[in-house]
2 protein chains.
Amino acid sequence: MGRWEPDSRGRLAQAALELFAERGFENTTVAEIAERAGLTERTFFRHYADKREVLFPTGGEFENLIVTAIESAPAALAPIDAVGLGLDAAAAMLEQRGEFSRRRQAIITANAELRERELIKLASLSDAIADTLRGRGVTDPGASLTAEVAIAVFRVAFARWHDEAGGEDLRQIMRSSLDELKAQMGAPSSAPAGQAGEPANAVTQV
Amino acid sequence: MGRWEPDSRGRLAQAALELFAERGFENTTVAEIAERAGLTERTFFRHYADKREVLFPTGGEFENLIVTAIESAPAALAPIDAVGLGLDAAAAMLEQRGEFSRRRQAIITANAELRERELIKLASLSDAIADTLRGRGVTDPGASLTAEVAIAVFRVAFARWHDEAGGEDLRQIMRSSLDELKAQMGAPSSAPAGQAGEPANAVTQV
DNA sequence: CTAGGTGATGACAGCCACTGTCATGGACCT
DNA sequence: AGGTCCATGACAGTGGCTGTCATCACCTAG
């Protein structure tokens with residue numbers, strides 16, 4: 001056994017999640033988080049840049065998943081439909097960690113500071129998607145715009161999924177949202193809303 | 001003359017803008033801002049909820065402008081095109097304060113905290129637009145999605161306008177961005193990119 | 001003209017997020 | 001055995017932000 005208990009980073013994240021759920025983000029001090037994890041405040045800040053960051057996983061696992069899905073989409077696919085495959089991948093991951101995703105989101109939506117941080121994370125995700133699209137030969141401003149639309153669909157669909165607990169399938173919500181948006185923008189819907197058309201299970205063909 | 005110099009709020013905003021431009025947001029303390037305005041730190045926080053807020057005008061003047069433009073758009077117009085009129089109005093206002101807008105934006109983009117605050121302001125603007133669309137009879141999730149798309153177009157177009165100083169007309173950039181997005185989404189463009197079609201000057205007909 | 005209310009500001013103490021710096025002592029290598 | 005490494009602790013300090021009370025020009029009632 002090492003000099004210290006292992007996985008201090010994970011223990012800090014766990015302690016923070018518990019305390020935020022118990023008494024809210026603002027009523028929890030970093031010192032308290034550290035104490036519950038058996039560490040000091042100073043050590044918390046060695047693992048996380050600030051108090052909010054403990055709720056936002058690093059490494060870009062989520063981002064990588066989406067980017068990879070877009071990269072490996074058939075080259076013939078229109079940008080917006082390639083991005084749709086990225087959304088499928090995102091939905092799959094979030095639904096896998098269903099309960100955790102919902103608990104985490106409840107904490108975030110309850111606090112303005114955390115919502116700010118979430119938005120900037122999504123903005124950076126948007127940048128990554130735009131880069132990926134440029135890699136597929138999409139030119140600006142189309143790449144940036146399509147990426148922003150992807151985030152918009154994600155936000156709206158995720159919020160809807162989070163609100164109606166135990167409701168519809170997240171991927172379905174995203175698909176129908178995207179279709180509705182296409183209709184709204186004047187294009188004929190690629191498939192009836194509520195059930196995805198041919199690109200539906202393409203993510204499994206990667 | 002009153003007991004104190006008039007318009008302390010305005011003096012604080014002015015002092016803050018100067019200091020942020022001189023030495024950056026992070027290297028400026030609230031005490032310094034207050035001192036330059038001839039006030040105390042405590043008084044700063046009586047006028048602004050936090051240090052960042054001094055850069056974000058209150059009262060929702062900007063929001064009202066856009067919402068009003070959308071409300072007074074012809075009822076027959078598709079949601080996305082009603083929103084286009086809102087963007088016209090926004091562009092007009094920002095271009096009127098051209099130099100100021102650019103200076104302010106330079107400060108904001110240089111700092112992560114300020115970018116976060118900007119994003120949450122835009123998110124609240126998106127909510128306001130979605131509400132307005134619902135008032136026009138647009139149902140969800142279409143209303144939320146169209147509002148998000150409006151913000152996306154605004155963000156991309158404004159960034160482009162800000163980068164190429166003295167370049168193209170902001171409204172033109174927004175119009176062509178919106179058209180490009182429509183094309184990207186699969187719809188036929190309502191007008192050639194770069195020059196707006198019939199809805200172009202509708203904002204002046206309000 | 002006076003008494004009392006009002007409202008913006010100052011003065012001051014205090015909390016907490018976050019940082020710089022140095023010390024500590026197991027783990028690991030040679 | 002000796003030396004280096006590195007995650008952590010200890011401690012002091014800065015600055016954003018808040019609660020609280022005092023101050024004092026202005027206004028209004030009588």
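Owing to the predicted nature of the structure, the values given are computational and were not obtained by experimental measurement. Letters go in sequence order (proteins before strands), and every chain restarts at 1.
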Length of the line joining [X]:[atom1] and [N]:[atom2], which is rounded to integer Å:
{"X": "B/Glu32", "N": "D/dG16", "atom1": "CD", "atom2": "C1'", "answer": "13 Å"}
{"X": "B/Asp7", "N": "C/dT9", "atom1": "CG", "atom2": "P", "answer": "10 Å"}
{"X": "B/Phe25", "N": "D/dG16", "atom1": "CZ", "atom2": "C1'", "answer": "10 Å"}
{"X": "A/Ile33", "N": "C/dC18", "atom1": "CD1", "atom2": "C1'", "answer": "13 Å"}
{"X": "A/Phe45", "N": "D/dT8", "atom1": "CZ", "atom2": "P", "answer": "15 Å"}
{"X": "B/Arg42", "N": "D/dT20", "atom1": "CZ", "atom2": "P", "answer": "11 Å"}
{"X": "A/Tyr48", "N": "D/dT8", "atom1": "OH", "atom2": "P", "answer": "11 Å"}
{"X": "A/Glu5", "N": "D/dA7", "atom1": "CD", "atom2": "C1'", "answer": "14 Å"}

Distance below 4.0 Å between [X] side-chain N/O and [N] OP1 or OP2:
{"X": "B/His47", "N": "C/dT9", "result": "yes"}
{"X": "B/Thr43", "N": "C/dT9", "result": "no"}
{"X": "B/Ser8", "N": "C/dT9", "result": "yes"}

Exercise. Please state whether the base of D/dG9 and the side chain of A/Arg46 form at least one donor-acceptor pair under 3.5 Å?
Key: yes
Residue [X], side-chain heavy atoms: nucleotide from [options] that is nearest:
{"X": "B/Lys51", "options": "D/dG16, D/dG9, C/dA11", "result": "D/dG16"}
{"X": "A/Asp50", "options": "D/dC17, D/dT8, C/dC18", "result": "C/dC18"}
{"X": "A/Val30", "options": "C/dA17, D/dT8, C/dA11", "result": "C/dA17"}
{"X": "A/Trp4", "options": "D/dG16, D/dA7, C/dA8", "result": "D/dA7"}
{"X": "A/Arg3", "options": "C/dG26, C/dG10, D/dG16", "result": "C/dG26"}

Taking side chain as C-beta onward, heavy atoms only, is A/Phe25 less than 4.5 Å from A/Leu19?
no
I'd like to check A/Arg117 versus A/Asp50 (side-chain heavy atoms, cut-off strictly below 4.5 Å). Are they in contact?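 With C-beta onward as the side chain, the pair touches.
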Going by atom types only, do A/Ser144 and A/Asp140 share a side-chain donor-acceptor pair under 3.5 Å?
yes
Requested in this report: Can you spot which of B/His47, B/Arg9, B/Glu53 makes a side-chain hydrogen bond (donor to acceptor under 3.5 Å, both in side chains) with B/Thr58?
Outcome: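 Testing each of B/His47, B/Arg9, B/Glu53 against B/Thr58, the sole residue satisfying side-chain hydrogen bond (donor to acceptor under 3.5 Å, both in side chains) is B/Arg9.
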One should read off an interatomic distance between A/Thr109 OG1 and A/Asp163 CG, to the nearest 0.5 angstrom, of 8.5 Å
